[in-house]
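To keep things clear, I will list the structure first and then write my remarks on it.
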Protein chains: 2
Amino acid sequence: MFSKTTEYALRATIFIAQKSSETNKLGIEEISNAIDSPKSFTAKILQALTKNNNVVSSVRGPNGGFFITEKAKKLPVRAILKAMGEEDVLDKCVLGLKQCSEMQPCPMHAQYKPIKKQLKELFGTKTIQQLAADIKDGVVFINNKK
Amino acid sequence: MFSKTTEYALRATIFIAQKSSETNKLGIEEISNAIDSPKSFTAKILQALTKNNNVVSSVRGPNGGFFITEKAKKLPVRAILKAMGEEDVLDKCVLGLKQCSEMQPCPMHAQYKPIKKQLKELFGTKTIQQLAADIKDGVVFINNKK
DNA sequence: AATATTAAAGACAAAATTATCTTTAAATAT
DNA sequence: ATATTTAAAGATAATTTTGTCTTTAATATT
Ligand code: FES
Ligand code: FES
């Protein structure tokens, strides 16, 4: 469904939202270890998330690291996709036509449409905060390495 | 959602199902032109679809080409994904955890689960034939180049 | 049998994705 | 001020995906 890049972005952001605060920032080592992702690559991804958009915040130097503001925590998960430039997944034609439209629908359009709607609904309304809360409650996991 | 490879595989198969028969086979030129895909690359994909699985059939030589048997037309769309080795898309964790399970669910699992179920249902029950029929009726399109 | 037509097979190439490593800059603490 | 810690930025590399081109093999037509 998503690229590795976006998968890491989603996991990292949710993890940061759960563990960090303005006063307790997280290092790249801790993050990549927690979400089971390649460290340097994850650093690049977090750079994108702090720069392009302002989903994640960061400060350099001692006691520096990554964190997410209360305001950013209220963003929908879709904001992460947008920051990674992969928002279009939710709009694309499932058969790869140049555009998904009612005017020239592909053979799967009618059936796929309600599913797509739910996907957009899910990513558009569920907030980063809400997902993080579940981890805090220990009912969900952000990795499953053995 | 799917790779280019799988998108072309889906479009090509549906198109062949609509246009061809044992007595009227389609050449690679005609197919790639109809679905707006790179010719040689599509040839490779059709090779895979005829070999690995037996979704598509082919014969070489004059009046040769690709076609789909009546039996294969009754296969679910999922058979195309399987032949392309991309069936796992329908089972994967949306956040990229190594496995999607109830035991160690990711933060989106609970919400994504019903959507995934519908996706599996759609690809598992809708047949190649059914999709092709809609094109025949002229209500859907297999490309949308200008 | 020879020729033409078509897909199969194989070799190759370009582009995108995924990943690593090194250097630089910012912030803090001493 | 200096040294230390941390992310940012940049360069590079490995891998996968996407795409092309050439040669081979099968089938049909003449
Ligand atoms: S046109 Fe294909 S999903 Fe809408
Ligand atoms: S564990 Fe992530 S979708 Fe099931």
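Residue numbering restarts at 1 for every chain, and letters A, B, ... go by the order of the sequence lines.
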Output side-chain donor-acceptor pairs under 3.5 Å for residues 101-108 of chain B, partner residues at least two apart or in another chain, one line each.
| residue | atom | partner | partner atom | Å |
| --- | --- | --- | --- | --- |
| B:Ser101 | OG | B:Met103 | N | 3.4 |
| B:Ser101 | OG | B:Gln104 | N | 3.1 |
| B:Glu102 | OE2 | B:His109 | NE2 | 3.0 |
| B:Glu102 | OE2 | B:Lys113 | NZ | 3.0 |

Residues at least two apart in sequence or cross-chain that pass salt bridge (charged side-chain N to carboxylate O under 4.0 Å, His left out) with A:Glu87, listed by chain then number, are A:Arg78
Residues pairing under ring-ring contact (aromatic ring centres under 6.0 Å, His included) where one sits in residues 56-90 of chain A, two or more places apart or in two chains, turn out to be none
Exercise. May I ask you to say what A:Lys44 touches in the nucleic acid, namely base, sugar-phosphate or nothing, with a heavy-atom cut-off under 4.0 Å?
Key: base
Contacts of A:Gln18 meeting side-chain contact (heavy atoms from CB on, under 4.5 Å) (sequence neighbours excluded), chain-then-number -> A:Phe15, A:Ala132, A:Ile135, A:Lys136
Could you go over nucleotides 14-17 of chain C and give all protein N or O partners under 3.5 Å, atom names and distances?
none

So B:Ile31, base contact, sugar-phosphate only, or nothing? Heavy-atom distance under 4.0 Å.
nothing
Of A:Gly64 and B:Lys39, the one whose closest nucleotide on DNA chain D sits nearer the 5' end is A:Gly64
Exercise. Report which part of the nucleic acid A:Ser40 touches: base, sugar-phosphate, or nothing (heavy-atom distance under 4.0 Å, all strands).
Key: base
### NZ/A:Lys25: more than 12 non-hydrogen atoms of other groups inside 6.0 Å
yes
Sorted by number, residues from residues 15-22 of chain B placing a heavy atom under 4.0 Å from DNA chain C are none
For residues 28-35 of chain A, dump all side-chain donor-acceptor pairs below 3.5 Å to protein atoms at least two apart in sequence or in another chain.
| residue | atom | partner | partner atom | Å |
| --- | --- | --- | --- | --- |
| A:Glu29 | OE1 | A:Lys39 | NZ | 3.3 |
| A:Ser32 | OG | A:Ile28 | O | 3.0 |
| A:Ser32 | OG | A:Glu29 | O | 3.2 |

Rounded to whole Å, the CD-P distance (A:Gln47 to C:dT18) equals 17 Å
For this session: For B:Ile45, report the nucleic acid contact type (base, sugar-phosphate, nothing); a contact means any heavy atom under 4.0 Å.
Result: nothing
Sorted by chain and number, sequence neighbours left out, salt bridge (charged side-chain N to carboxylate O under 4.0 Å, His left out) with A:Lys120 holds for A:Asp91
One would report the end-axis bend of the helix from C:dA1-D:dT30 to C:dT30-D:dA1, five pairs per end and rounded to 10 degrees, as 0°
ask   = Between A:Asn63 and C:dA29, does any side-chain N or O lie under 4.0 Å from OP1 or OP2?
value = yes
Tightest non-hydrogen contact, residues B:Leu95 and A:Arg11, listed as O-NH1, 2.8 Å
Closest heavy-atom pair, A:Leu49 versus A:Ile80, reported as atoms and distance to 0.1 Å, is CD2-CG2, 4.2 Å
A:Ser3 meets the side-chain contact (heavy atoms from CB on, under 4.5 Å) criterion, sequence neighbours left out, with A:Thr5, A:Thr6, A:Glu86
Q) Same cluster for A:Val77 and A:Ile45 if Ile/Leu/Val/Met/Phe/Trp/Tyr side chains link at under 4.5 Å? A) yes
Hits for ring-ring contact (aromatic ring centres under 6.0 Å, His included) against A:Phe2, two or more places apart or cross-chain, chain-then-number order -> A:Phe123
Between CD of B:Glu30 and P of C:dT5 the distance, given in whole Å, is 17 Å
Open item on the list: Does atom NZ (A:Lys4) have a neighbourhood of more than 12 heavy atoms from anything else shown, all under 6.0 Å?
Closed with: no
Per nearest nucleotide of DNA chain C, the residue lying toward the 5' end, A:Arg60 or A:Pro38, is A:Pro38
At a 4.0 Å cut-off to heavy atoms of chain B, the contacted part of DNA chain D spans D:dT18 to D:dT29
task = Just call it for A:Ile28: base, sugar-phosphate, or nothing, with non-hydrogen atoms closer than 4.0 Å on any strand.
result = sugar-phosphate
*asked:* Under a plain distance cut-off of 3.5 Å, with no hydrogens placed, do B:Thr42 and B:Ser37 share a side-chain donor-acceptor pair?
replied: yes
When rounded to whole Å, the CG to P distance for the pair A:Leu46 and C:dA19 reads 14 Å
